[in-house]
Amino acid sequence: MTHFIGRRQLLKTGALAGVAGMAMPAILRASNDPYVIAHLTPRTGFLGPMGEYAVMAVDLAVEEINAAGGINGRPLNVIKEDSVNPQTATTKAERLVERADVAMVLGEISSASALSIAQVTARANKLFINTGANSDTLRGKDCRRTMFHTEAQNVMYVNAEGQYFLQNDMVKDKTWFILSSDYAFGHDLREGAHAFLERHGGSTVGDELIPTDATDFSSHLLSIRSRRPDVVVLNLAGTSMASFMKQYGEFGLDIPLGGFDYNSSLAWATGAEDFKGTWPCIWTHQVQTDGSQAFARAFQAKYGKPAENQAYADYIALRIAAEAITRTGGTDTAALIAYLEDPATDFDILKDRRGRFDPSTHQLLQEVYAVTALDPSEVEDQWDIFTTSGPLPAPDVPLEELVQGAVGGACTF
Amino acid sequence: MVLFFLSQLLNGLLDGFYYMLIALGLSLIFSLGGIVNLAHGVFFTLGAYLALVLTPHVGFFGALALGPLIAAVIAIVIERFLFTRFYREDPLYSLLLTFGLAMIIEQSLRWYFGATPRAYSMPADLRGQVFVGDFVYSRYRLFLIGMAIVTVAAVWALLNRTAFGRIVRAGIQNPDILGTLGISLRPYLSAVVAIAIGIAALAGVLMAPIQPVHPLMGVEVGTAAFVVVVIGGLGSFWGVVIAALLVGLVKGMMIGLGLSQYSMLAIYLLMFVVLLLRPRGLLGERITRFE
């Protein structure tokens, strides 16, 4: 039977074809439009040096992702901004999520600014991946369902470094002199250090809060000398850490030194002669896995210097974001959250063990390392002024062990 | 405990010497030219980077001599082409000019050297400590304080014991009278700006071994220098000297009392109290053209 198309059907089909024809460029354009992600991190101020590494790593990750065909066949575009301080971070985050309509925000180093960004992104129902703020509170009472963390939280560093202190008999019946940066990050670490010390039978002979812009530590060094502690513990942020260590050497102090935060860029800024102690770290260019070495080589080739921990945290954050968009097929926030917090979801984070987010806090559970300063006579180049331990905890210990004893309150999404 | 407190006071007093080094130039430029040099801290940073660049070629002591000289030459160029247009203008314009200048120099340093802090080694000859009873002090800082004292003394002698100084002091008080005497202030202004910025760079070279070198290292120093100048009073050499020592002393006292987190607050409170009681600062002179 011959079937003729009726007049109405012809008109309908024609109209549909017309609409489709008109809409096609938009559809085609939408399918080729880049995914836009915002990268907001301090590039000036005392955290600026780390922010610079974060930006370099993000540029490298974008280059690699786009060279591999983008995400779902669409290119990736990252808008990069200097977050400066919590006030500016809020303003810029609002602009990025409301006007630029970015798919998500990642970055930040300052815990105070991270909290500001988290509030903005939560209101706008956008994802925020924190790559550098350590505060336990952000994973505790200030947690947000839309916020995830690739940077390790303070308690992970306290537990990792604590193991080193315990193994070397630096806690029980020992006295500590603690110096902490006077803002959320330092307060958190200080509280964590006190809790750790109390649990293991140590005490303090000094406990000072240091303004974040401090450059001269001579008075504190005199305090340390007069109190004669067994261990000096530093919870200092940014360039003040390097200033302290340079001046520690200058005043000839040889009391064992350690602390609960570390950045390779600041160890390099301190220099081989003055960099001392053992420190916990999320990653160094010396981590011996294929993935880490590939990243370290690519970074070295592009920038002529090794990557450091902040570069790592931003690099894997962008890779995780890209993987989540690929797997969920888009940028729907609810779908992304469900994917990221699924206990079955894990990621290649360039370490021995794969990483996964703790569904109750959104902290990326991962191995950390201990970095130990080399004696200046053993140093062969300006970058390898320390050695990096094997992964912590040991392979047979669950990663959850590292987050035991967090001090930032309970997280309720 | 008393000994500890006294050692902190002494250390604070010693800190005051390098505040003095930075604040002196700032005070000189404002007193003579009416320029509020917001770029002063950046020249401190420039000095530290010059130390980094020059030391491999001429050593630390060579950098100590050459760094301030290079900065002084740059200062003359800036004075001739920029400052000179703003001497007679409202200080607000020079504030904007030097703010812009600070941004340009800081961003240029960031562009060329990167934001990452650089390590600069302390010269081996100056490493080590000096012990006086229970008080221990860094040998390098004693050298730094010695340099500060020599520099401040040299500036004082230049201003008070030479014909150059007499003209500069007269220029601070009333530049128009100098004009009527047929003396042009312009070369003196260039020289004062060169000396002031040279001293800031000298402070930068001296600080490089005890601080990481990075583009923003002058910001904190610049703020402290402004506080010292405001407390000391504009146009007063001894005002700056006393204010610098006082600021160091207050800082040392707060740390000695175990209140380190409030040390900056105490310094700002000191400034507030001084301005409340003496709006021109401790020894600020009455400069008619600023009235």
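A, B, ... follow the sequence lines: proteins, then strands. Residue 1 opens every chain. All values below come from the heavy atoms of this structure, side chains included, with hydrogens, waters and symmetry mates left out.
The backbone N or O of A:Ser243 sits nowhere less than 3.5 Å from a side-chain atom of B:Gln211 that would complete a donor-acceptor pair. Under the 3.5 Å distance criterion, the side-chain polar atoms of A:Glu52 are matched with a main-chain donor or acceptor of B:Ala115.
Contact annotation: the side chain of B:Arg110 approaches that of A:Thr44 to within less than 4.5 Å [non-hydrogen atoms, C-beta and beyond]. Put simply, the side chain of A:Asp216 reaches to within 4.5 Å of the side chain of B:Tyr18, judged on heavy atoms.
Annotation: maximal heavy-atom pairing with chain B below 4.5 Å, among A:Asp207, A:Thr270, A:Leu221, A:Leu222, occurs at A:Leu222. Of the listed residues (A:Ser219, A:Ala242, A:Gly206), the greatest number of heavy-atom pairs within a distance under 4.5 Å of chain B belongs to A:Ser219. Heavy-atom pairs under 4.5 Å with chain A were tallied for B:Gly12, B:Ser263, B:Gly114, B:Pro215; the largest tally goes to B:Gly114. Comparing A:Arg225, A:Glu208, A:Lys305 by heavy-atom pairs within less than 4.5 Å of chain B, the highest count is held by A:Arg225. Looking only at heavy-atom pairs under 4.5 Å with chain B, the residue among A:Ala214, A:Ser226, A:Gly271 that has the most is A:Ser226. Of the residues considered (B:Met217, B:His214, B:Lys251), B:His214 shows the highest number of contacts with chain A, using heavy-atom pairs under 4.5 Å.
Applying the 6.0 Å contact sphere to CZ of B:Phe61 captures more than 12 heavy atoms from other residues, nucleotides or ligands. The environment of B:Tyr112 atom OH is sparse: at most 12 non-hydrogen atoms of other residues, nucleotides or ligands sit within 6.0 angstrom. The neighbour count for A:Tyr303 OH, taken as heavy atoms of other residues, nucleotides or ligands under 6.0 Å away, is above 12.
Neither the backbone nor the side chain of A:Ser240 comes within less than 4.5 Å of any heavy atom of chain B. Residue B:Tyr137 touches chain A through both its backbone and its side chain, counting heavy-atom pairs closer than 4.5 Å. Heavy atoms closer than 4.5 Å to chain A are found in both the backbone and the side chain of B:Arg141. Proximity to chain B (any heavy atom under 4.5 Å) is shown, for A:Phe244, by neither the backbone nor the side chain. Contact of A:Asp274 with chain B is made through the side chain alone, with heavy-atom distances under 4.5 Å. With a threshold of 4.5 angstrom between heavy atoms, A:Asp182 approaches chain B through side-chain atoms but not through N, CA, C or O. In this structure, the portion of A:Leu266 lying under 4.5 Å from any heavy atom of chain B is its side chain and not its backbone.
Heavy-atom neighbours of chain A within the stretch residues 119-129 of chain B, taken at a separation under 4.5 angstrom, comprise B:Ala119, B:Tyr120, B:Ser121, B:Met122, B:Arg127, B:Gly128, B:Gln129. Inspection of non-hydrogen atoms places no residue of residues 41-50 of chain B under 4.5 Å from chain A.
Looking at every heavy atom in both residues, A:Ser265 comes nearest to B:Thr116 through CB-CG2, 4.3 Å. Summarising the geometry of B:Ser138 relative to A:Glu250, their closest heavy-atom pair is OG-OE2, 2.6 Å, with the distance given to 0.1 Å.
The structure places CZ of B:Arg118 at 8.0 Å from CD of A:Gln382, a figure rounded to the nearest 0.5 Å. Atom-to-atom distance recorded for B:Ile210:CD1 and A:Phe251:CZ is 8.0 Å, nearest 0.5 angstrom. Going from atom CG of B:Leu259 over to atom CG of A:Leu209 covers 11.0 Å, rounded to the nearest 0.5 Å.
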